[in-house]
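No hydrogens, no waters, no symmetry mates; every other heavy atom, side chains included, goes into these values. Chain letters run A, B, ... following the sequence lines, proteins first, then strands; residues in each count from 1.
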There are 2 protein chains.
Amino acid sequence: MADRSFTTNATRSEQLLFLTDDQLRQGIELMYFAYRGFTADPDRILEGYNYGRAHHRAVHFINRHSGLTVNELLGILGVTKQSLNRVLRQLVDDGLVESRVGRRDRRQRNLYLTAKGQALETELSHAQRRRMRMAYSNAGPEAVAGFRKVLENMIDSDLRDRVLRSLENAKHD
Amino acid sequence: MADRSFTTNATRSEQLLFLTDDQLRQGIELMYFAYRGFTADPDRILEGYNYGRAHHRAVHFINRHSGLTVNELLGILGVTKQSLNRVLRQLVDDGLVESRVGRRDRRQRNLYLTAKGQALETELSHAQRRRMRMAYSNAGPEAVAGFRKVLENMIDSDLRDRVLRSLENAKHD
DNA sequence: CAGTTTATGTCAGCCATGTTGACATTCCAA
DNA sequence: TTGGAATGTCAACATGGCTGACATAAACTG
């Protein structure tokens with residue numbers, strides 16, 4: 001580790017100052033409050049549809065990786081198949097998600113958003129992106145780069161591996 | 001589509017590129033995965049105590065603002081009193097939190113962590129700070145500044161106002 | 001002082017979303 | 001052909017949100 005571009009001419013104590021327990025605790029609270037903001041807009045929208053965050057997550061990842069299988073989605077979300085199935089069944093019943101028998105492996109189900117599903121995704125994503133855009137543009141590009149850098153390092157490495165493995169397979173569509 | 005180097009001498013179009021829908025969507029996913037990392041360690045610890053995130057949050061804020069009232073805590077957490085009460089009752093029964101009758105206003109209850117409560121807070125906070133410290137030190141101080149800047153802007157302004165109002169009052173202890 | 005409001009606690013029930021365990025079906029692959 | 005993988009489903013349970021109703025004590029107000 002050591003020299004990951006701490007600024008040019010800072011003393012050692014200045015270099016370490018951003019790692020005080022108090023700074024870290026502030027970061028923790030910030031993360032907590034920001035995440036609430038992050039989910040606030042979609043949550044409001046979802047209420048109107050009688051859906052919850054679980055539905056949002058499913059719709060989000062089916063959109064991002066159209067045609068992914070149930071197992072891959074399970075790997076990304078990290079929930080049990082029973083839990084996911086409840087949500088997925090609703091989405092299929094309501095005509096937001098289509099579940100097609102796999103061509104290569106007919107045991108698998110490839111998941112796609114219908115037009116209706118895409119409409120919901122657009123609505124949710126639009127609201128969330130609007131807030132994100134605001135935060136980004138108020139903070140500026142350099143801040144965004146830092147934001148990304150810190151968050152990247154906060155991700156659980158086991159989770160990252162599992163997700164990457166799931167997404168590697170997801171080269172359908 | 002361009003690279004991610006928002007360094008010094010970017011053209012105007014490069015400067016705006018960080019607001020692309022795709023960049024925003026990447027930020028959204030990053031936020032989601034990072035938050036899971038953020039809560040992973042405390043969640044594991046809490047399992048052992050048969051507590052959940054709700055207990056963690058209560059313990060966290062009682063520690064940060066020792067002596068705060070139930071109403072103030074409600075304002076910060078943004079849940080109903082019935083929901084908070086369930087958690088708070090357990091913590092009091094288990095001897096982690098002490099609820100003292102207010103001196104100025106005897107209707108109020110001021111909340112304090114007991115030694116046992118502080119021990120749990122320390123354990124949880126230690127794990128969470130360790131991950132935070134890792135993320136911070138891998139990313140470097142400039143990134144941390146940017147991280148904070150973006151998150152500040154992501155917080156819901158209504159929430160911010162409500163929390164600040166709650167904390168203004170919380171000048172006990 | 002009487003009446004109202006505030007702060008807190010509690011009961012009961014509902015909902016969303018997570019969990020385990022068990023079991024059925026279909027289909028791939030050795 | 002047989003074992004295991006991918007999926008779906010049922011049942012039961014836990015957590016932590018919610019609403020509504022109600023109780024008590026204390027403060028405030030006219």
Enumerate the protein-to-nucleotides 28-30 of chain C contacts in which both atoms are nitrogen or oxygen and the separation is below 3.5 Å.
| residue | atom | partner | partner atom | Å |
| --- | --- | --- | --- | --- |
| C:dC28 | OP1 | A:Arg106 | N | 3.3 |

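At a non-hydrogen distance threshold of 4.0 Å, A:Lys81, A:Gln82, A:Asn85, A:Arg89 from residues 77-96 of chain A come into contact with DNA chain D.
A straight line from CZ of A:Arg53 to P of D:dC18 spans 12 Å, rounded to a whole angstrom. Atom CZ in A:Arg100 sits roughly 19 Å away from atom C1' in D:dA6 (whole-Å rounding). The distance from atom CD of A:Glu72 to atom P of D:dA5 is 16 Å, rounded to the nearest whole Å. Rounded to whole angstrom, the span from the CD atom of A:Glu47 across to the P atom of C:dA16 amounts to 11 Å. Going from atom OH of A:Tyr49 over to atom P of C:dC15 covers 22 Å, rounded to whole Å. Rounded to whole Å, atom P of D:dA6 lies 14 Å from atom CG of A:Leu111. If you measure from atom CG of A:Leu46 to atom C1' of C:dC15, you get 15 Å, rounded to the nearest angstrom. With rounding to whole Å, B:Asp43 atom CG is found 18 Å from C:dT17 atom P.
With A:Phe33 as the aromatic partner, B:Arg160 does not meet the cation-pi criteria of under 6.0 angstrom to the ring centre and within 45 degrees of the ring axis.
Nearest nucleotide to the A:His55 side chain, out of D:dG17, C:dT17, D:dG8: C:dT17.
Contact between B:Ile28 and A:Gln128 at its shortest, heavy atoms only, is CG2-OE1, 3.7 Å.
Proximity of A:Asn71 to the phosphate of D:dT7: a side-chain N or O atom is located under 4.0 Å from OP1 or OP2.
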Output side-chain donor-acceptor pairs under 3.5 Å for residues 52-60 of chain B, partner residues at least two apart or in another chain, one line each.
| residue | atom | partner | partner atom | Å |
| --- | --- | --- | --- | --- |
| B:Arg53 | NE | B:Asp43 | OD1 | 3.2 |
| B:Arg53 | NE | B:Asp43 | OD2 | 3.2 |
| B:Arg53 | NH2 | B:Thr39 | OG1 | 3.1 |
| B:Arg53 | NH2 | B:Asp43 | OD2 | 2.8 |
| B:His55 | ND1 | B:Gly52 | N | 2.9 |
| B:His55 | NE2 | B:Gln90 | OE1 | 3.1 |
| B:His60 | NE2 | A:Glu29 | OE2 | 2.9 |

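Not a single donor-acceptor pair under 3.5 Å links the side chain of A:Arg109 to the backbone N or O of A:Gly102. Panel note: side chain B:Arg129, backbone A:Leu24; no donor-acceptor pair is recorded below 3.5 Å.
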B:Lys116 and B:Asp94: CA distance, side-chain angles, deciding distance, salt bridge (Lys or Arg N to Asp or Glu O under 4.0 Å) verdict: CA-CA 9 Å; B:Lys116 198 174 165 191; B:Asp94 297 353; over 6 Å; no
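For the residue pair A:Gln108 / A:Arg103, no side-chain donor-acceptor distance below 3.5 Å is found, with atom types taken as modelled.
Taking the six-membered ring where the residue is Trp, A:Phe147 and A:Tyr136 present perpendicular rings, their angle passing 60° and hence far from 30°. Ring geometry, B:Tyr35 versus A:Tyr35: the interplanar angle falls under 30°, so the pair is classed parallel (tilted spans 30 to 60°).
Comparing A:Arg57 and A:Arg109 against DNA chain C, the residue whose closest nucleotide sits nearer the 5' end is A:Arg57.
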